[in-house]
Each structure stands twice: as C-alpha cells, then as structure tokens.
Amino acid sequence: GVTAAVNVEISIQETDPLGAYWNGASTFTTAAENFFAVNTLSGVNGTWSRTGLPTFQNGYAYKLRQRARDTALPGGNLTTPAAVSEASFIYDIERPTAAITAPTGDPVTAFATIGGTSHDAFNVRGVSVTIKETSGLYWNGTSTFTSAAAVWIPAVSSSPWSWVYSSTNLVNGKSYQIFTFATDDAN
C-alpha cells in the first residue's frame, strides 16, 4: 500500500494559455512535467493534501496529475504513465453579476414579471430574486410580506432571466426593493 506522503506526487500544468508546468515553487515556468510530493497522507492508501501550491490565475485552465508509489520491495511500484490520475479545471474567482431590467419606472403601477440579465466569464448557473418592503419584511415566497429573512426564489433561465410575480400582491403607496444575485459553476 501507499504508506507515506512522500509516496504520493502531483504535477500541475497551466494548459491555457501557456502550457507550462509548475516548477514546485510558485510559478509555471518549466517545459517538462515534474512531480512533487504531497504534504500529508491520512493513513494507508488515504486522502492526501498539498500546501504550498502555485499562484493560480483567474480564467486560466489547469491539469492536475497524481501518481503514487507503493511499498513493495525492492523499490516500490510507481503508477504507470497510462494509469496516472488526472483532473482538469478552470480557476474561477470572479463572481457572476445580475441586473434587474424590469419593471422600470418610478413609481411602478403594475407588472406581471420581474426580469433582467446576468453575466459570468464562464457560465451562469442560475439567478435568484427576492422582494422586500423597504421599511419591513420580505416576501414569504407564497402570498405575503411576513419573512424576516430573504426568501430567494429561482428565476427562469439565466440571461435574460425572469420571475413571474403579480404586482397585485403589493400595497398601493408602499415602497418595495427587488434584490437579485447570480451563481456560477465555481464551487
């Protein structure tokens, strides 16, 4: 089995835009792949982790490869190149945005839909909407403004997005605020 962190190694390639490999410190400067030991391994054949990773750039694509060596004698068996485990990802730390485009005007006298747009460099997963009485409570998601906390309702689609909401639920002369936010595929 794999018994020590030194027996598990990783390599990281910045596949887009440059194609260079991690140098083991903080940058992607080498043309050839190099593997570096992980810091911890939780038990035999357990979960590993590595600190001291390179600086990732927002919007860049990366490939992480992992291999291991067992404790068989005389020198241990190293994962074959064809069996090396790998995962690819795009580093995304940019938050998506959402904007409300309807209803418009001030004051608004009637509307049937709240709508807007959203944007993300990669993909907007969804948009959520809530309404709040300016001096009071949030829409409870069904019929009245009785919730102390925002009740977020998923909008239909993402850009443009919409939420069917009847303004007949609003009281004439009261002020309301509409809030929205978008989520993307980053975890």
Are Val2 and Phe35 joined in one hydrophobic group, where the rule is that I, L, V, M, F, W and Y side chains link up if heavy atoms are under 4.5 Å apart?
-> no

Looking at side-chain heavy atoms only, is the closest gap between Trp48 and Ile10 below 4.5 Å?
-> yes

Measure the spacing between CH2 of Trp139 and CD1 of Ile153 and express it to the nearest 0.5 Å.
-> 9.0 Å

Between Thr104 and Phe111, is any pair of side-chain heavy atoms under 4.5 Å apart?
-> no

Between Thr40 and Ser49, do the side chains contain an N or O donor and an N or O acceptor separated by less than 3.5 Å?
-> yes

Contact check, side chains of Val124 and Asp184, non-hydrogen atoms, under 4.5 Å = no

Can you tell me which residue pairs pass the salt bridge (Lys or Arg N to Asp or Glu O under 4.0 Å) test with a partner in residues 105-118, sequence neighbours excluded?
-> none

Do Pro103 and Ile178 touch side chain to side chain, with heavy atoms closer than 4.5 Å?
-> yes

Pairs involving residues 56-105, ordered by first then second residue, that meet ring-ring contact (aromatic ring centres under 6.0 Å, His included) (sequence neighbours left out) | Phe28-Tyr62, Phe56-Tyr62, Phe56-Phe89, Phe56-Tyr91, Tyr62-Phe89

State the NZ-OG distance between Lys132 and Ser175, to the nearest 0.5 angstrom.
-> 11.0 Å

Please tell me if the side chains of Asp92 and Glu94 come closer than 4.5 Å, counting only heavy atoms from C-beta onward.
-> yes

Gap between atom OH of Tyr165 and atom CD1 of Ile114 - 0.5 Å precision | 7.0 Å

Step through the shown structure and confirm whether more than 12 heavy atoms of other residues, nucleotides or ligands are within 6.0 Å of CG on Asn172.
-> no

Do the non-hydrogen side-chain atoms of Leu170 and Val108 ever get within less than 4.5 Å of each other?
-> no

Side chains of Lys174 and Glu133 in contact at under 4.5 Å (non-hydrogen atoms) = yes

Listed by chain and number, what are the side chain to side chain contact (heavy atoms under 4.5 Å, CB included) partners of Ala83, not counting sequence neighbours?
-> Thr79, Thr80

Here the gap from Asp120 atom CG to Ser159 atom OG, rounded to the nearest 0.5 Å, amounts to 11.0 Å

Which residue, Thr29, Ile12, Thr15, Thr30, forms the side-chain contact (heavy atoms from CB on, under 4.5 Å) with Tyr21?
-> Thr30

